[in-house]
There are 2 protein chains.
Amino acid sequence: MSHITLDDVAKVSGFSKSTVSRVLRNDPNVNPITKEKVEQVAQRLGYIPNIVARSLRSKKTTTIGVVIADICNPFFPSVVRGVEDVAREKGYSIILCNTDEKYEREKEALNTLIQKRVDGLLISPVQKKFDDLLELRRQKIPFVLIGRHFDPLEMDHIVTDDIRGAFMATEYLIKKGHKKILFINGPLYTSCARERMAGYKKALVENNIKLDTKLLKEGALKMEDGYRVIKKAISSKLDFTAVFAFSDLVAFGVIKALKEQGRKMPDDVAVVGYDNIDFGFSLELPLTTVHIPKYELGSEGMKLLHRKINEKINETQKIVLDTKLIIRDSA
Amino acid sequence: MSHITLDDVAKVSGFSKSTVSRVLRNDPNVNPITKEKVEQVAQRLGYIPNIVARSLRSKKTTTIGVVIADICNPFFPSVVRGVEDVAREKGYSIILCNTDEKYEREKEALNTLIQKRVDGLLISPVQKKFDDLLELRRQKIPFVLIGRHFDPLEMDHIVTDDIRGAFMATEYLIKKGHKKILFINGPLYTSCARERMAGYKKALVENNIKLDTKLLKEGALKMEDGYRVIKKAISSKLDFTAVFAFSDLVAFGVIKALKEQGRKMPDDVAVVGYDNIDFGFSLELPLTTVHIPKYELGSEGMKLLHRKINEKINETQKIVLDTKLIIRDSA
DNA sequence: TTGTAGGCGTTATCAA
DNA sequence: TTGATAACGCCTACAA
């Protein structure tokens with residue numbers, strides 16, 4: 001309850017509200033001596049600017065919304081950290097929302113964030129629907145998509161080269177002699193799942209391996225999903241010598257299931273993950289995986305958003321970051 | 001730029017601003033028919049409440065600040081998730097700030113958060129200084145400390161029973177026959193490091209083992225710290241048969257260094273961590289550790305904060321959650 | 001149940 | 001360089 005307002009500082013210092021406001025905003029159009037005096041009074045009274053009031057008047061909240069699936073998914077902390085570092089540097093705070101990949105939650109989050117008048121948004125969209133994003137656009141609220149994008153819709157985004165990532169992973173397995181590569185993909189409503197599928201197929205085609213749709217699974221997001229798919233695959237006697245998982249998390253489930261079945265890795269079955277999350281290196285079986293620049297996804301995404309907010313850029317900006325194959329012991 | 005304001009809805013619907021305001025806040029004192037009409041108009045015009053304006057007037061932002069060391073530290077995502085789940089349920093958003101254990105950063109974060117008039121704060125304090133927290137108290141802004149606390153200062157907090165946690169870990173090692181237990185503790189300016197030290201000593205005393213200060217190291221927070229301490233200990237021919245690390249992260253560094261030295265675990269050296277972070281189970285060497293209820297630290301912390309904000313509780317609330325020893329393969 | 005008036009604390013605009 | 005005045009969009013108090 002700092003009851004001290006700009007008005008109080010004005011009265012005590014003897015200057016007008018406008019002048020005091022200028023001083024406190026570091027407006028250059030103010031006499032240095034005045035500035036000094038006002039600052040001293042403000043200091044002495046313990047004045048604390050009310051950003052809510054400032055926001056109402058200036059229509060800027062210096063706050064941005066960050067909407068992700070789940071901060072507990074080891075993919076996201078680095079992304080969020082990248083965002084926050086750049087945001088802080090530019091004078092923004094971030095409001096964090098988890099959607100758990102549920103469209104309704106995403107919609108609610110965006111609604112709240114719109115009502116709170118954030119200056120912009122960074123979103124890793126669920127992609128089951130996108131009406132909420134169109135609404136954002138209609139409201140002319142700047143936003144940048146992170147890690148996923150909508151093909152036909154022209155929306156600013158920053159993603160990784162997942163076609164190439166999946167291609168590298170698959171080709172690596174093929175070069176190792178594998179022909180029956182079980183691909184446990186993510187939900188196909190996500191752009192990254194579709195692109196990884198494209199990369200997987202491309203590698204097969206270029207190496208003259210016929211696509212076997214029985215080796216294509218989709219919808220995996222968590223460790224349990226990988227575990228379940230493998231258990232089922234084995235009980236139904238599916239024939240495969242390698243697994244390419246949608247994420248390291250899914251790969252962990254795969255490895256767990258495979259181990260329970262007594263399959264040796266990488267000899268009986270080779271496993272490749274995706275994301276290169278922390279500690280993937282110190283696992284029982286150090287994971288071969290595709291590295292995604294998570295921190296940069298966040299930091300560069302925030303930089304783009306900042307430009308979108310402050311410059312009037314009309315063209316859609318699309319940033320694609322490189323992926324990299326990390327070879328360890330699991331394949 | 002939804003230019004539609006409450007005023008517009010009032011004019012179009014033919015009612016006054018107050019009535020419209022009542023409708024939109026679900027104030028019971030309004031004729032259902034009126035409510036219906038107003039809601040329809042609001043809907044038709046695409047009215048979006050401006051929470052900034054509401055906050056200025058009502059002095060409530062429905063936003064709380066969450067100040068932690070680093071979301072990339074695997075300890076924090078669950079904590080933050082616990083906070084966010086409860087916050088969302090109660091109608092709050094969370095602004096996330098990382099301090100990297102730097103007091104200046106904590107102070108800046110709190111400053112910004114105060115200026116943004118958050119309704120309350122959840123803080124995992126750096127503890128090198130606490131002037132900023134006293135300022136918070138002076139301003140009568142509700143806040144709850146998470147995971148750390150200040151002994152003499154009466155501040156609301158939620159922590160885990162680290163004396164007991166460290167006691168259990170140490171005693172477990174002793175029962176296994178270890179007498180020379182290297183304790184790589186965290187920075188002693190943190191309450192949890194001091195309490196774990198107390199638990200460590202208590203276990204020694206109760207088992208008639210003389211404390212060897214050469215086996216006491218402090219200040220470790222990251223993986224590198226654990227790695228470095230072990231390297232140095234070995235090069236200086238320090239004699240130890242077990243290591244109790246401040247965190248799983250530190251333990252990872254310990255294990256790495258030990259492995260490089262060709263020491264077998266747990267036979268040559270037993271290692272116990274702390275926190276029970278994800279994937280600690282699937283490491284090359286599944287980690288024996290002390291479990292901390294991270295999610296509950298966040299969710300219960302948020303519940304307490306919510307009570308602090310809405311009820312006028314004067315007594316300091318102190319919550320202590322249980323810790324639990326998780327025995328796996330590293331010790 | 002509804003309406004009127006005023007103010008929350010700041011910045012924008014215009015004038016001096 | 002400084003000041004007066006009017007918003008920003010909403011809610012609170014009080015009156016009708």
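First the proteins, then the strands, lettered A, B, ... as listed; each starts at 1. Note that the structure is a prediction, hence the values are computed from the model and not measured.
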Hey, does the side chain of A:Thr19 come within less than 4.0 Å of D:dG3's phosphate (OP1/OP2), counting only N and O? yes
Which part of the nucleic acid, if any, lies within contact of A:Asn29, taking any heavy atom under 4.0 Å across all strands shown: a base, the sugar-phosphate backbone alone, or nothing? base
Under a 4.5 Å cut-off applied to non-hydrogen side-chain atoms, are A:Phe75 and A:Ile292 in contact? yes
Calculate the interatomic distance between [X] atom [atom1] and [N] atom [atom2]; express it in whole Å.
X: B:Asn31; N: C:dG3; atom1: CG; atom2: C1'; value: 15 Å
X: B:Lys11; N: C:dG3; atom1: NZ; atom2: C1'; value: 15 Å
X: B:Asp27; N: D:dT12; atom1: CG; atom2: P; value: 9 Å
X: A:Lys116; N: D:dG9; atom1: NZ; atom2: P; value: 19 Å
X: A:Gln115; N: D:dG9; atom1: CD; atom2: C1'; value: 13 Å

Salt bridge (Lys or Arg N to Asp or Glu O under 4.0 Å) between A:Arg148 and A:Glu101: does it pass, once the steps are laid out? CA-CA 12 Å; A:Arg148 297 176 181 180; A:Glu101 303 280 0; 2.9 Å; yes
Do the side chains of A:Lys107 and A:Glu104 get close enough for a salt bridge, i.e. N-O under 4.0 angstrom? no
Indicate yes or no: does B:Glu108 engage B:Arg105 in a salt bridge with an N to O separation below 4.0 Å. no
Options D:dT2, C:dC8, C:dG3, nucleotide nearest the side-chain atoms of B:Lys59: C:dC8
Could you pull out all donor-acceptor pairs under 3.5 Å where a side-chain atom in residues 79-86 of chain A meets a protein atom, sequence neighbours excluded?
| residue | atom | partner | partner atom | Å |
| --- | --- | --- | --- | --- |
| A:Arg81 | NE | A:Asp85 | OD1 | 3.0 |
| A:Arg81 | NH1 | B:Asp70 | OD1 | 2.9 |
| A:Arg81 | NH1 | B:Asp100 | OD1 | 2.9 |
| A:Arg81 | NH2 | A:Asp85 | OD1 | 3.1 |
| A:Arg81 | NH2 | B:Asp100 | OD1 | 3.4 |
| A:Arg81 | NH2 | B:Asp100 | OD2 | 2.7 |
| A:Glu84 | OE1 | A:Arg88 | NH2 | 3.2 |
| A:Glu84 | OE1 | B:Asn98 | ND2 | 3.0 |
| A:Asp85 | OD1 | A:Arg88 | NH2 | 2.9 |
| A:Asp85 | OD2 | A:Tyr295 | OH | 2.5 |

What string of B, S and - do you get for nucleotides 10-16 of chain C, 5' to 3', if B is base contact, S is sugar-phosphate-only contact and - is no contact with any protein heavy atom under 4.0 Å? BBB----
Salt bridge (Lys or Arg N to Asp or Glu O under 4.0 Å) contacts touching residues 23-38 of chain A (sequence neighbours left out): A:Lys35-A:Glu39
